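Okay, structure first, notes after.
The residues of the chain are indexed from 1 along the displayed sequence. For clarity, every value in this text was computed on a predicted model and none was experimentally measured. When a ligand or atom number is given, it counts from 1 through the structure's own listing order.
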Amino acid sequence: MTVKTDYSQRAEPEFNQIIEKGLNRRQFLKATSAASTVAFFGASPLSSAIAAPKDSKDLIGFEAIPASTEDKVIVAKGYQADVLISWGDPLFRDAPAFSQNADSKAQARQFGDNNDGMTFFQISDDRAVLSVNNEYTNHEYLFAHQGKDMSADDVLKSQNAHGISVVELKKVNGKWEVNLDGRLNRRITANTDMELTGPAAGDDQLKTAADPKGTKVLGTFNNCANGETPWGTYLTCEENFNGLFGSKEQPALNSNYTRYGINTKGAGYGWHTHDDRFDLAKNPNEPHRHGWVVEIDPMNPNSTPKKRTALGRFKHENAALTVNNDGYVVVYLGDDERGEHLYRFVSKNKYDANNPSANRDLLDEGTLYVAKFNAKDGELKGSGEWVELTFGKNGLTKENGFNSQAEVLIFARKAATQVGATTMDRPEWVAVNPKNQHVFCTLTNNKYRGVKANQPVDAVNPRQKNPYGHIVRWMPSGNDHTSSNFDWDLYLIAGNPTVHEGLMAGSENINADNMFNSPDGIGFDNAGRLWIQTDGKYSNTGDFAGMGNNQMLCGDPESGEVRRFLTGPIACEITGLTFSPDQKTMFIGVQHPGEDLAPSHFPDGGNTIPRSSVIRITRTDGGIIGAA
Ligand code: FEO
Ligand code: CA
Ligand code: CA
Ligand code: CA
């Protein structure tokens, strides 16, 4: 448990006063006409921030399902969900079948572990490619010894289970299946050749003995969520890269390391014990070469992935790319850590739909910004601004410890603090509504809110210790994603109305039938339905009673209504979503079923060990996913 500080005790009542002040003014009539004072204070105080849910049957056409604690994937009536591919399945015709005892060589030819973000790219009526992140490794299942006794080959196996699996698909009897003979099948791992590009490439702090120019790097890992470009490439986002580094020695690590959580112990992967590249004493600049967004061409298995340094270095969640009305490319980027920030990149040059090759390096030049949220009259909405992170501007100067634009990008977190960016409750995925340019971001939870001095309770992060998470939405001024200004509100505050009243019960669109915690993956389909995936507590007791296993829900962005569509197996997270262009097949990810040795045998059943899997969802009537 985190110990409460004096600060927290000061912050919470102060903010409650603000809310109540706002309420008293706005809702005086409604309150006084309520049946009782208890009823008034029992209701969520957020109704003015969020439209009360209306009937969404025109947009959401399935019947909601109940919460579940079963060890399987359950989907709404009229839908079917089955496994497309799981960790350790062969990705090539000559690759060995799944075995827990597979060595590093076998793993390099098999689907990676812990699939997360993914994108479906259609090539023809019956051919497509699915690019899938393999975020991290569960050593308790990756090895029979559960990671307790790592050999050099075990480290290599773990490295080969990270990265990206590019999976060619073919349509067989109307269903998308893995094509083991596909020319595009590819594994990208922690050891694949990559380039560093953009303003930070070649900087002294990116140089190592193995790469004296600071432009070539091996591999990508902790690939969390994703993005895609209109020019047909895949964006994979490096998140908890810090945990792979460690040291047997005690090198001095300044704030450039500690701000990113880099320490000599690491997160227990043990890579530094057999691979000097991950030993901080031997290769102090190697961690600066990770924590980027990487662009991959899934159509060319020989292409070299590019780490796009213009998008900044932090614990990237996803990369929500949209082409602005005037052609500039805008990418929204969350940094998933308690009290970190929300970013935006705007390209220097415009997207050219008529000349695909001209767009290939659009993500190398542009401007990075970070968000500042302002409150309005104590309400849970307000205005906001994007503050430029450019060397020489906004205090990003030598006097404040920045020597170049490269340093601003490599240490983007430090730059964000320098300009006074708002600390957030763990920004996870961002998604842009294709219908109206509104942008949504999941703030998954934050036990430090109102506890740590730099994370005071505020309008956009309104709950102390935020155990359930919420979703913020912003509207760019003039529907222009390059504008410096926006208005924001809260689309949803998760909570448990069967256990709590007030803020902890959640917003009005949360009820006993759709409650969940820790929204994480989000994405829109073509019709503007918002799909929400959870990575939360699945104890199903106490604060989380009635929520069951992690799940996926569907939200109506206009009415606010939220319906549960899918529930996952024991101790999993649901993450990653993509659609075939006809919107008749949806792929989602079941990640880490049975984590921490919880009793899951998904998907193989019996006494098998659990495996992360990509799930294919279709309608039994062949219709559009989510529609009526
Ligand atoms: Fe990999 Fe923030 O989730
Ligand atoms: Ca996530
Ligand atoms: Ca998460
Ligand atoms: Ca995860």
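A salt bridge (charged side-chain N to carboxylate O under 4.0 Å, His left out) with K315 is found for exactly one of E337, E239, E135, namely E337.
The Ca ion (ligand 4) sits nearest to atom OE1 when only the N, O or S atoms of E135 are considered.
Ring geometry, F221 versus W271: the interplanar angle exceeds 60°, so the pair is classed perpendicular (tilted spans 30 to 60°).
Using a 4.0 Å cut-off between a side-chain N of Lys or Arg and a carboxylate O of Asp or Glu, E238 and R289 do not qualify as a salt bridge.
D604 is linked by a salt bridge (charged side-chain N to carboxylate O under 4.0 Å, His left out) to R611, counting only residues two or more places apart in sequence or in another chain. Residues passing the side-chain hydrogen bond (donor to acceptor under 3.5 Å, both in side chains) test with S104 are D153, sequence neighbours excluded. Not counting sequence neighbours, the partners of R109 by the salt bridge (charged side-chain N to carboxylate O under 4.0 Å, His left out) test are D94.
Distances from the Ca ion (ligand 2) under 3.0 Å pick out these protein N/O/S atoms: E317 OE2, E428 OE1, D520 OD1, D520 OD2.
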